[in-house]
Amino acid sequence: MFSPSSRNHSQSSPYEVSRIKHGTSSHEIENPEEEALALFRRVLRMRPLPSVVRFNHLLGQISKTKHKSVVISLFNQMGLLGIMPDFFTLNILINCFCHLNHMGFSLCVLGKFVKSGYAPDTVTLNTLMNGFLLEGKVDEARECFCKMTKGGCKPDIVTYNSLLNGFCKVGDTTAAVQLFRNMEKDRFCKPNIVSYNTVINDLWRTQAAMELLCKMQDCGPLPNIRSYGILLDGLCKNGQLQETIELFRNTEEKKLPLNIVIYNILIGGMCKAGNLVAARDLFSQLSSKGLQPDARVYNTMISGLLDGGLIDEAINL
DNA sequence: TTAGGGTTAG
């Protein structure tokens, strides 16, 4: 039986936790979470007991409401009634432990998986890796990836992208690029737009980022507005004004849906370069493009004007 | 199939 201490819940019964949280009486069912819990309690009293599939349905529903420790408590109640967990139950349980930062318990369940004769699948792999990455444990995520794929688990695009993002977050660009190359070689799982944007976001200071964009334009997947946003931001940060303007024109030509973030990047870039005329021009274009300036754009424009000594204009903006 | 999950630009 699994019984980790919960960080977020008291020792009340699952149903009580739910009632307290939502302030309802025991007779009022107000949301799907309460409905699932009430149903679970009814199902526990049924004789003969329903199949494990029915229980999995309910556990899955409750798990989606983010009450992971409640799921674990219900799983234990199932055990007391002699309901054997199946492949799906165990994956749900692993997911709950991962979200509660109880990776030790997640690995215990994995052991139970193997002992019961189940082979962990892509869902198990992604869930475990996500658990490690949530804790910032990239090395453990990598080890998990290596061990499980060697053991026959097939990685999918999410497996790769999760690890890619993990490497980028800790600044391990070499590992990220290596993994990206492995994906390019993988016949079954080529990099997609998420993979490209993740790597471009990591390489924005380098020429390699622009080369990746060209590659996308030539061979696909086609870059989206976020790909351009990442690069425009990089060019602005590098002070490459001419390249910024060219790339922006390229974005316009491709008729990609320009948004307020793109304009804020450009306005900030122009202000930084001291080109307040261009910054003001971009700002004044917003309404004609159907875009509503938000607080951040105002902030960028006002800061630019103040830095340029145009105090009255900043006040009257 | 009942389970899981990825970029996140200002």
Side-chain angles (χ1 to χ4, degrees), chain A residues 36 50-64 68 71 75 85-99 106 109 113 118 120-134 141 145 153 155-169 176 179-180 183 189 191-204 209 212-213 221 223-237 247 251 256 258-272 282 291 293-301 303-304:
Chain A
S51 72
V52 68
V53 172
R54 183 93 170 105
F55 281 99
N56 289 345
H57 261 293
L58 291 167
L59 287 181
Q61 257 181 288
I62 298 162
S63 172
K64 283 191 175 73
K68 310 293 184 188
V71 173
F75 170 82
D86 70 359
F87 191 73
F88 292 88
T89 328
L90 294 176
N91 267 336
I92 295 169
L93 199 61
I94 286 184
N95 180 252
C96 291
F97 283 128
C98 286
H99 281 273
S106 290
V109 182
F113 241 103
Y118 295 124
D121 66 355
T122 309
V123 173
T124 325
L125 168 63
N126 289 353
T127 307
L128 281 167
M129 271 182 49
N130 185 49
F132 283 124
L133 292 171
L134 279 173
F145 174 86
C153 248
D156 66 5
I157 187 68
V158 177
T159 321
Y160 278 118
N161 287 346
S162 302
L163 195 53
L164 212 46
N165 189 37
F167 288 143
C168 291
K169 272 190 178 157
L179 185 65
F180 186 84
M183 289 175 79
C189 199
N192 68 0
I193 185 73
V194 175
S195 330
Y196 272 94
N197 285 353
T198 305
V199 175
I200 288 176
N201 194 37
D202 198 44
L203 295 172
W204 65 268
L212 275 176
L213 184 82
N224 61 14
I225 193 64
R226 183 158 294 185
S227 324
Y228 281 95
I230 294 164
L231 279 164
L232 283 168
D233 187 46
L235 290 172
C236 286
K237 280 176 182 157
L247 189 64
T251 314
L256 283 161
L258 297 173
N259 57 32
I260 198 71
V261 180
I262 295 288
Y263 273 90
N264 197 20
I265 291 167
L266 292 169
I267 291 168
M270 295 304 151
C271 288
K272 191 181 163 196
L282 285 162
L291 296 170
D294 62 11
R296 293 179 79 171
V297 173
Y298 270 110
N299 193 31
T300 306
M301 193 66 241
S303 301

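Chain A is the first sequence line, chain B the second, and so forth, proteins listed ahead of strands; every chain is numbered from 1.
Per the geometry, CG belonging to A:L266 stands 12 Å off C1' belonging to B:dA9, to the nearest Å. Here B:dG5 presents its P atom at 11 Å from CD1 of A:I92, a figure rounded to the nearest Å. A:N91 places its CG atom 5 Å from the C1' atom of B:dA3, with the value rounded to the nearest Å. The CG atom of A:N264 sits 4 Å away from the C1' atom of B:dG10 (whole-angstrom rounding). For the pair A:L90 CG and B:dT1 C1', the computed distance is 15 Å after rounding to whole Å. Atom CD1 of A:I157 is separated from atom P of B:dG4 by 20 Å (rounded to the nearest Å). Between the CG atom of A:L164 and the C1' atom of B:dG6 there is a distance of 9 Å, given to the nearest Å. Whole-Å rounding puts the A:Y228 OH to B:dT8 C1' distance at 19 Å.
Evaluated for a side chain to side chain donor-acceptor pair (under 3.5 Å) with A:N126, the options A:N91, A:N161, A:D156 yield exactly one hit, A:D156.
Taking the side chain of A:T198 as heavy atoms from C-beta on, and the options B:dT7, B:dG6, B:dT2, the nearest nucleotide is B:dT7. Comparing B:dA3, B:dA9, B:dG6 by their nearest atom to the side chain of A:V194 picks out B:dG6. Side-chain atoms of A:D156 lie closest to B:dG5 of the nucleotides B:dG5, B:dT2, B:dG10. Among the nucleotides B:dA9, B:dG5, B:dT2, the one closest to any side-chain atom of A:N56 is B:dT2. Out of B:dA3, B:dT2, B:dG6, the shortest distance to the side chain of A:N165 is found at B:dG6. Taking every side-chain heavy atom of A:I265 into account, B:dG10 is the closest of B:dT2, B:dG10, B:dG5. You'll find that the side chain of A:N197 is closest to B:dT7, out of B:dG4, B:dT7, B:dG6. Residue A:N201 has its side chain nearest to B:dT8 when only B:dG10, B:dT8, B:dG4 are considered. In the set B:dT7, B:dT2, B:dG4, the nucleotide with an atom closest to the side chain of A:F88 is B:dT2.
Taking 4.0 angstrom as the limit, A:K64 places a side-chain polar atom (N or O) nearer than this to OP1 or OP2 of B:dG4. Here A:H99 does not reach the OP1 or OP2 of B:dA3: none of its side-chain N or O atoms lies under 4.0 Å away. When the side-chain nitrogen and oxygen atoms of A:N95 are compared with OP1 and OP2 of B:dG5, one or more of them lie within a distance under 4.0 Å.
Counting only heavy atoms from C-beta outward, the side chains of A:Y118 and A:L90 approach each other to under 4.5 Å. The side-chain heavy atoms of A:I94 and A:F113, taken from C-beta on, include a pair separated by under 4.5 Å. The shortest distance between side-chain heavy atoms of A:Y196 and A:S227 does not fall below 4.5 Å. In this structure, the side chains of A:W204 and A:D233 stay at 4.5 Å or more apart for every pair of heavy atoms. Side chains of A:I262 and A:N259 form a contact here, defined as non-hydrogen atoms less than 4.5 Å apart.
Base pairing in DNA chain B yields no stem of at least 3 consecutive Watson-Crick or G-U pairs with both distances under 3.5 Å.
Heavy atoms of A:V297 sit under 4.0 angstrom from at least one base atom. Across all strands shown, A:L125 has no heavy atoms under 4.0 Å from either base or sugar-phosphate atoms. Contact annotation for A:I200: no contact, since no heavy-atom pair falls under 4.0 Å across all strands. A:T300 comes within 4.0 angstrom of nothing in the nucleic acid, heavy atoms only. Among the protein residues, A:N259 comes within range of the nucleic acid bases, having at least one heavy atom under 4.0 Å from a base atom. When heavy atoms are screened at a 4.0 angstrom cut-off, A:K272 is found touching no nucleic acid atom at all. Counting non-hydrogen atoms under 4.0 angstrom, A:F87 reaches a base of the nucleic acid.
Side-chain atoms of A:N192 come within donor-acceptor range of the base of B:dG6, with a qualifying N/O pair under 3.5 Å. If you check distances only, the side chain of A:N126 never reaches the base of B:dG6 with a donor-acceptor pair under 3.5 Å. Evaluation of atom-type donor-acceptor distances gives a pair under 3.5 Å for the side chain of A:D294 against the base of B:dG10.
In this model, no donor atom of one side chain and acceptor atom of the other lie less than 3.5 Å apart for A:N165 and A:S162.
Under the 3.5 Å distance criterion, the side-chain polar atoms of A:K68 are left unmatched by any main-chain donor or acceptor of A:N95.
Summarising the geometry, atom CD1 belonging to A:I230 is positioned 10.5 Å from atom CG belonging to A:D202; distances are rounded to the nearest 0.5 Å.
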